[in-house]
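Please read the structure below before turning to the comments.
Chain A is the first sequence line, chain B the second, and so forth, proteins listed ahead of strands; every chain is numbered from 1. Quick caveat, the model's predicted, so the values are computed rather than measured.
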Amino acid sequence: MLDNLSERLQGVFKKLRGQGRVSEAVLKESLREIRMALLEADVNIAVVKELLSKVREQALGQEVLQSLSPGQQVIKIVRDELLTLLGGEGAAKLDFASKPPTVVMMVGLQGSGKTTSTVKLGKLLKKQGRYPYLIPADIYRPAAIEQLVRLAETAGLKAYEHDGSRTPLEIARDGVVAARKSGFDTVLIDTAGRLHIDDTLMAELDGLKAEFGPQEILFVADSMTGQDAVRSAGEFHKALGLTGAVLTKLDGDSRGGAALSIRHVTGVPIKFVGTGERPDDFETFHPDRLVSRILGMGDVISLIEKAEETIDEKEAVKLEQKLRKNTFDLEDFRDQLKMVRKMGPLSSVVGMLPGMGAVKEADLDTGALVRVIAIVDSMTPKERQYPQILNGKRKKRVARGSGQSVQEINRLLKQFAQIKKMMKTLQTQKKRGGGRRGGGKLPFFRK
Amino acid sequence: MAFASLRKKLAQGLSRTRESISTGFQSMLGRKKIDEESLEDLEAAMLSADIGPLLTEQVLDEVRTRARKEAVDGEGLRSIIKDVLMNGLPDVPEPAGPPSGPRVCFVVGINGGGKTTSVGKLAARHRAAGRKVMVVAADTFRTAAIEQLETWATRADVDLVKRDHGADPSSVVFDALEAAKARGNDLVLVDTAGRLHTKSNLMNELGKLARVAARVIPDAPHDVLLVVDATTGQNGLTQAKEFSRAAALTGVVLTKLDGTAKGGVALSIHRELGVPIRYVGVGEQVDDLLEFDRPGFVDSLLG
């Protein structure tokens, strides 16, 4: 059984490849497959129906554009429709009050990830130069207040501490006053998880809304939610008038079909996505990227951005100089590996590359990275600079220090020598202006 | 045990489920003949319950085949669906506990499913049945998870074993099981950290927890309950598959069934993996955990 949407669609489109025109028979079969795939991806049945009828309308009998194969043509139509559904290109921004503080309410069902998202959003806003203040207003779940306060502390954020003996409204009131007094410009209220059919608790949220007139009411939703997403998001929207959504746990392997449902039923944009358990695993939502991910085109842009954020600009310049002078040593090699590690688990990096969606962490040896770093760490600075001085005795010492065998160390040295050789070749190609041979295009353009 | 009252509560928990599915069915029950249009309604109703496109297609195929042989009216349709849904569910008896000493139960699942709450409710339930229960705070990762379980332990009046935040969960489990043997507990409920099934390092950690448990008490864990949020879509099946690879699952706790979500994916988990639903969670109160009643569930689905 094909598990994910991208594989399924790729299967369909393989059949479509090589046809001059989108015929009715082919279209019917592919729409059926797309339908099954979308349903398995938890896209709401009503959304699926609407989407497919639009695709059918556009695809049938359409002249295939000269530059595209029929398969690509259908992909393009599906892609465009999904994109339209998700609200087109470009990330939605938060709306800030002209007179601070801006109040943001985080709402949603139990266990969707509100508390974690509140802290992550706070951290993101702080990075962007704002002064966020977190108010824990979940007085129902045991230890929820403590969770937020402690998480905030770890993330270097300020939170309103209280003993949870008052009503959420009273807590939020005092919290906002405290925020104003201390000059915070953004207040994030973490509300308790609740069912959309719980009238009492929904009224409580409405009370908070009436009191503070929040600029943003963000609906936090688990990306693994099934068909019910339409109902819960719809009810929350009806009761509160949501301004956006946060899609959590996107580091799992769900395709996030719920995003389409939420967007469809509420009309509000998905603004952020949660991609892991660390406070930094939070990103602005890009509809184009989610669509690409659904269609199996990879998320190359995300990857590039992540790499840019992690790799220190200065270090990169230093590295380039070293490469040019060919003084790249084991120490630089280790620093590079550390940068790769900073980008997160290998699977999240590789998963963004086209065609690699199915790679699981188990297939990647994250441990190897750690072992190599340990080996280099166990060397003296001189050994890192001139690995050739590593004789048997030194190797034995390094092996003991890193908990690896001497063979491992030999293998690493051999690999490193190969890398250096490769780099040298690239350098000489560049010098000769090898751009025309496809070696390095950049020098060619730099002139 | 007052079976009738349980049944009533389950029915209450499922009433919304029933309402929604049955709107699809009710409109058909009166019909003399089942045509393609009614089948489409039926399909939509089943899909909305997260029963999944594959199982839904199976049911529809079966209905079509039978409708060709005999005249199927609305009532007949109902029994066909019930047949198809029930037939694929293998009977799995609850695993036998140890001949002596504590029975060990792991509660596992992805983040935010309701593990800690379920452990709290299970503890209260078994405590009420007169067992000497211990709960173990093996979620040392999530901030304040230990405090949350502590509150539940007090509510349920059961033993608690905990360590500091960030402690190694295997050593917590090891110590707890040693303590349970010494203190003569009947049942040990281990609250594990939420983990996404895609994180192999965390899944390996779970496997290790199980091995550590077996070292202290033979054949432990005797139960491994997977907590599945009823709002979960088709990904629930993938979750169950991955978790069963790390530790042999013996049952599912279907939580948050007091909302409008149907938890239909649990049927697929039972069919495909032979892991039945054991309990359903229908609220935030300590007694809002019900023993699962299969015919009742399928019946309720059909209204």
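Across every non-hydrogen atom of Pro53(B) and Met36(A), the tightest pair is CB-SD, 3.6 Å. The nearest pair of heavy atoms linking Asp42(A) to Asn235(B) is OD2-N, 3.9 Å. Heavy atoms only, all atoms of each residue included: Gln234(B) and Leu39(A) are closest at CG-O, 4.1 Å. A pairwise comparison of heavy atoms in Asp228(A) and Lys262(B) identifies OD1-NZ, 4.4 Å as the closest pair. Residue Lys49(A) comes nearest to Glu40(B) through the heavy atom pair NZ-OE1, 4.4 Å, listed as atom of the first residue, atom of the second, then distance. Taking all atoms of both residues into account, the shortest heavy-atom contact from Gln148(B) to Ala143(A) is N-CB, 3.5 Å.
Within the 3.5 Å criterion, the main-chain N or O of Gln227(A) finds a donor-acceptor partner in the side chain of Asp50(B).
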Next item on the list: Give the C-alpha distance, both sets of side-chain angles, the deciding distance and a yes or no for salt bridge (charged side-chain N to carboxylate O under 4.0 Å, His left out) between Glu277(A) and Arg195(B).
Entry: CA-CA 10 Å; Glu277(A) 297 197 51; Arg195(B) 64 199 79 222; over 6 Å; no

Item checked: Worked check of side-chain contact (heavy atoms from CB on, under 4.5 Å) between Gln110(A) and Asp229(B) -> CA-CA 10 Å; Gln110(A) 289 95 337; Asp229(B) 184 330; over 6 Å; no

Check: Would Glu146(A) and Arg142(B) satisfy salt bridge (charged side-chain N to carboxylate O under 4.0 Å, His left out), going step by step from the backbone distance to the final call?
Finding: CA-CA 11 Å; Glu146(A) 199 172 348; Arg142(B) 180 166 64 85; over 6 Å; no

Next item on the list: Assess whether side-chain contact (heavy atoms from CB on, under 4.5 Å) is satisfied between Asp251(A) and Lys199(B), documenting all intermediate values.
Entry: CA-CA 9 Å; Asp251(A) 47 331; Lys199(B) 309 257 157 112; 2.6 Å; yes

Next item on the list: Show your reasoning for whether side-chain contact (heavy atoms from CB on, under 4.5 Å) applies to Asp253(A) and Thr238(B).
Entry: CA-CA 9 Å; Asp253(A) 56 359; Thr238(B) 319; 3.4 Å; yes

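When heavy atoms are compared at a cutoff of 4.5 Å, Ile45(A) approaches chain B solely by way of its side chain, counted from C-beta outward. Residue Leu109(A) touches chain B through its side chain alone, counting heavy-atom pairs closer than 4.5 Å. The part of Ile110(B) that comes within reach of chain A is its side chain, from C-beta onward, which places non-hydrogen atoms under 4.5 angstrom from that chain. At a 4.5 Å heavy-atom cutoff, Glu150(B) makes no contact with chain A through either its backbone or its side chain.
Taking the side chain as every heavy atom from C-beta outward, Arg150(A) and Glu147(B) approach each other to under 4.5 Å. Here the side chains of Thr231(B) and Asp222(A) are not in contact, with every heavy-atom distance at 4.5 Å or above.
A 6.0 Å sphere centred on NZ of Lys162(B) holds no more than 12 heavy atoms belonging to other residues, nucleotides or ligands. Applying the 6.0 Å contact sphere to CZ of Arg64(B) captures more than 12 heavy atoms from other residues, nucleotides or ligands.
For the atom pair Leu195(A) CG and Thr260(B) OG1, the distance stands at 7.5 Å (nearest 0.5 Å). Taking CD1 of Ile146(B) as the reference point, atom CD of Gln147(A) lies at 12.0 Å (rounded to 0.5 Å). Atoms CE and OG1, from Met224(A) and Thr232(B) in turn, are 8.0 Å apart once rounded to the nearest 0.5 Å.
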